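A quick write-up on the structure given underneath.
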Amino acid sequence: DRMRKYAFGQMLICGQEKKHDLFGVWIIRGQKIPDIMLNVPGTELYTWTKQVWPMDEETKQKFTAYLSRDSVRGECLDCKIFK
């Protein structure tokens, strides 16, 4: 709930049952990841990549695919939106 001030994100579980990946995209206010996000267990397991706006066309298509759950990395089994 406290994240609403700092970020909007979507996490996806894609692949097959018992063999899947967890990944997502986040739009974060400011220039760095807020401490409130970094102090969550498991955060160190993710690779964070900063994107500069405006995005190039390839990145924009990938970002759109994540948000629309379109064949990102196999079948999308579940998703959670944080807003």
Side-chain angles (χ1 to χ4, degrees):
D1 195 38
R2 296 184 304 169
M3 283 301 303
R4 291 181 187 186
K5 294 180 187 179
Y6 303 103
F8 166 84
Q10 178 169 287
M11 297 299 294
L12 303 165
I13 300 174
C14 293
Q16 303 169 356
E17 289 292 330
K18 303 199 187 233
K19 187 177 180 184
H20 54 269
D21 292 316
L22 176 65
F23 56 95
V25 294
W26 289 86
I27 299 172
I28 298 173
R29 184 179 80 183
Q31 294 297 314
K32 66 180 194 120
I33 300 171
D35 290 337
I36 192 170
M37 284 184 81
L38 295 175
N39 292 331
V40 175
T43 303
E44 70 280 356
L45 301 174
Y46 297 103
T47 302
W48 297 87
T49 305
K50 183 177 180 178
Q51 279 299 313
V52 180
W53 293 83
M55 291 186 249
D56 60 64
E57 194 59 36
E58 180 183 343
T59 304
K60 189 183 295 185
Q61 288 176 357
K62 186 176 179 181
F63 187 80
T64 301
Y66 280 122
L67 291 179
S68 63
R69 299 172 60 175
D70 287 342
S71 63
V72 180
R73 292 184 192 170
E75 180 185 356
C76 185
L77 303 172
D78 198 6
C79 86
K80 171 77 174 170
I81 297 174
F82 299 88
K83 57 181 179 173

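Every value quoted in this text rests on a predicted model; they were computed, and no experiment measured them. We number each residue from 1, following the sequence as shown.
Hydrophobic clustering, with ILVMFWY side chains joined whenever heavy atoms are under 4.5 angstrom apart, groups Leu12 together with Ile81.
Residues Cys76 and Cys14 share a closest heavy-atom pair of CA-SG, 3.5 Å.
Counting non-hydrogen atoms of other residues, nucleotides and ligands closer than 6.0 Å to CD of Glu17 gives a total of 12 or fewer. Heavy atoms of other residues, nucleotides or ligands lying less than 6.0 angstrom from OH of Tyr6 number 12 at most.
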Sequence neighbours excluded and cut-off under 3.5 Å, please list the side-chain donor-acceptor pairs for residues 23-42, or say none.
| unit_1 | atom_1 | unit_2 | atom_2 | d |
| --- | --- | --- | --- | --- |
| Arg29 | NH1 | Lys5 | O | 3.1 |
| Gln31 | OE1 | Lys50 | NZ | 2.8 |
| Asn39 | ND2 | Asp35 | O | 3.1 |

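Between atom CG of residue Leu77 and atom CD of residue Gln16 there is a gap of 8.5 Å, rounded to the nearest 0.5 Å.
Every residue was checked against the ring pair (Phe, Tyr, Trp, His ring centres under 6.0 Å) condition with Tyr46, not counting sequence neighbours, and none meets it.
For the pair Lys62 and Tyr66, the NZ or CZ position fails the cation-pi test of under 6.0 Å to the six-membered ring centre and within 45 degrees of the ring normal.
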